[in-house]
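Report on one structure; see the data block that follows.
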Amino acid sequence: MQGTPQEVDPADRWVLDPDTGQYRLDLNPRVPGPRAAPADTRPPDTPPPGGRAARRRGADAARGRRRRALKWTAGAAALVLVAGCGGALYLYEHFNNNITAVKVQLGDEAERPQPAGDAMNILVLGTDSREGLGSSYGDAGSTGHADTTLLFHIAKDRSNATVLSIPRDLMVSIPECQSGDKRIPGEARAMFNTSLGQDGRDPGCSWKTVEKLTGIRVDHFVMVNFDAVKTLSTAVGGVEVCAAKDINDPDSHLRMTKGKHLVQGDEALAFVRTRHAVGLGGDLTRIPLQQQFLSSMIRAAKSGDTLTSPAKLWNLANAATKALTVDSGLNTVDHLKDLALDVSKVDTKHITFATVPVLDDPQDKNRLVLKQPDAGRLFSMVAGDRSLTDAPAPQSPAAGAATAAPAPSASAAPAVDPGTVPVTVRNGTGTPGQAQQTVDRLRAAGFTRAATAANATATAASSIGYPAARAGQAAALATALGLPETALRADPRAGAKDPLVVVLGKDATGAAAAATAPGAAPAEAPEDLQRVEADDAGLCAK
């Protein structure tokens with residue numbers, strides 16, 4: 001029976017063109033029916049095919065097929081998208097029509113963190129919305145909160161990537177934001193997951209919250225729902241996960257025996273949502289499971305089994321573009337392809353997942369707060385494009401170097417507790433908003449007592465005034481701001497309890513916090529940082 005184009009598998013629309021030796025897209029494929037054998041038109045005395053010439057033609061054809069296979073594999077490798085939230089470019093219009101884009105409104109540019117330059121920061125939001133899914137998962141009445149949040153940092157040289165997991169129960173300050181035509185007031189203290197969905201907040205509100213929390217500038221966002229986990233895990237042919245013990249979680253519907261399993265669809269979703277039957281039963285227990293799952297999905301998406309299979313690549317691309325909601329800067333497959341090319345350059349062994357350091361909230365044992373100064377140190381590393389996998393060791397002082405100096409050295413600041421340091425920031429740049437932006441960054445770095453004050457007279461160079469008895473704190477502050485020791489000025493009129501005074505000069509760009517420069521960022525991650533390396537296939541959920 002003759003087939004129709006609609007009955008042909010989309011992956012089979014790529015056919016070999018005998019004239020060029022290249023694969024091409026056939027939008028009107030025909031399913032061949034039985035055909036009569038071609039008539040033998042050879043002259044009567046011509047010998048049958050075979051012999052040395054035929055073997056030579058066969059060898060040439062085999063080499064041509066191998067070359068075409070290599071071209072196909074190399075091209076396909078560029079089409080896999082981000083961290084299990086990937087996609088590919090096959091049918092331009094088809095995939096463009098799949099994409100859902102949202103225009104976010106981020107407000108005053110001067111109040112945002114300093115641009116990341118050639119580095120890239122992608123905010124990945126996993127929403128618990130059940131809208132249109134008819135699923136038994138999640139809260140039926142939820143507007144879609146930020147159930148899972150990842151900040152995906154790709155280094156400027158594409159040599160490494162860091163993925164920060166932000167717990168949904170973390171108490172944060174949510175800034176005022178604009179969602180469509182609605183202006184939504186901020187909250188001084190709220191759970192992070194309410195930065196999305198609550199009171200009509202859109203992904204731009206979560207975007208602003210993350211920038212205020214971390215001091216890291218976000219370039220794009222990608223939002224996925226429950227269905228995305230199911231369809232993407234199925235598209236790559238399953239994701240390998242491991243359980244250290246038998247798991248039976250009636251809340252997530254996960255039943256899994258001890259050992260390794262290949263999960264997809266509903267079982268994959270149950271795995272990333274389970275928490276009550278593993279560890280301590282909270283969100284911090286679930287995060288390492290999600291990191292294990294995403295690491296394995298990255299390996300599956302970048303594997304030869306996926307990259308050499310047109311059917312798998314089609315399924316992955318189709319599932320991804322249908323499942324993702326992105327910002328208007330990623331609203332075409334061309335933009336997603338460019339992002340895919342950047343991500344594909346990062347070797348899996350240099351992708352690190354880490355959980356933002358937190359402590360139990362003193363006001364509510366069921367909530368969390370940032371653990372300082374560890375959280376600030378981690379944020380500074382990411383903002384400064386420092387790798388968690390191959391960060392260089394801090395340089396030791398040269399032998400015989402002088403140890404005395406008239407001012408404290410900002411490059412060798414002593415260890416201090418930044419939460420005990422009162423800091424006043426005054427804006428002398430002539431550009432509005434710089435003082436508040438710097439205060440936000442200092443608070444993210446652990447200087448929780450930082451505050452703005454009246455603008456200063458315009459000045460060319462930034463400075464830090466300090467009481468003579470607090471030179472060590474001044475040096476630590478200068479390091480956090482990336483200022484040289486020449487910016488440090490002892491103030492003989494300041495009392496021992498007076499705050500350190502930062503005056504931002506015209507040399508201060510963006511947030512006036514050069515802590516985003518690699519040379520000023522910490523060289524080593526905080527101790528006891530929870531982390532998962534994406535190439536570790538031996539992880540098991542405990």
- Query: Does any non-hydrogen side-chain atom of T457 lie less than 4.5 Å from one of V503?
  - Reply: no
- Item | Donor-acceptor under 3.5 Å (Q530 side chain, T355 main chain) | yes
- Message: Whether D440 and K212 form a salt bridge (side-chain N of Lys/Arg under 4.0 Å from carboxylate O of Asp/Glu) is what I want to check.
- Response: yes
- Task: Salt-bridge test for D360 and K365: reply yes if a basic N is under 4.0 Å from a carboxylate O, no otherwise.
- Result: no
- Derivation of the side-chain hydrogen bond (donor to acceptor under 3.5 Å, both in side chains) call for T448 and Q372: CA-CA 9 Å; T448 55; Q372 296 292 12; over 6 Å; no
- Message: Less than 4.0 angstrom from a charged side-chain N to a carboxylate O is my criterion; do K208 and D202 meet it?
- Response: no
- If only atom types and distance count, is the side chain of S296 paired as donor or acceptor with the main-chain N or O of Q292 below 3.5 Å? no
- Task: For the pair R449 (side chain) and G419 (backbone), establish whether a donor and an acceptor sit closer than 3.5 Å, ignoring hydrogens and angles.
- Result: no
- Indicate yes or no for a side-chain donor-acceptor contact from R158 to the backbone of K345 under 3.5 Å, with no hydrogens or angles considered. no
- Query: Pick from T194, D147, T149: which one makes a side chain to side chain donor-acceptor pair (under 3.5 Å) with R168?
  - Reply: D147
- Query: Is E176 salt-bridged to R183, cutoff N-O under 4.0 Å?
  - Reply: yes
- Just by modelled atom types, is the G505 backbone N or O under 3.5 Å from a matching donor or acceptor in the S462 side chain? yes
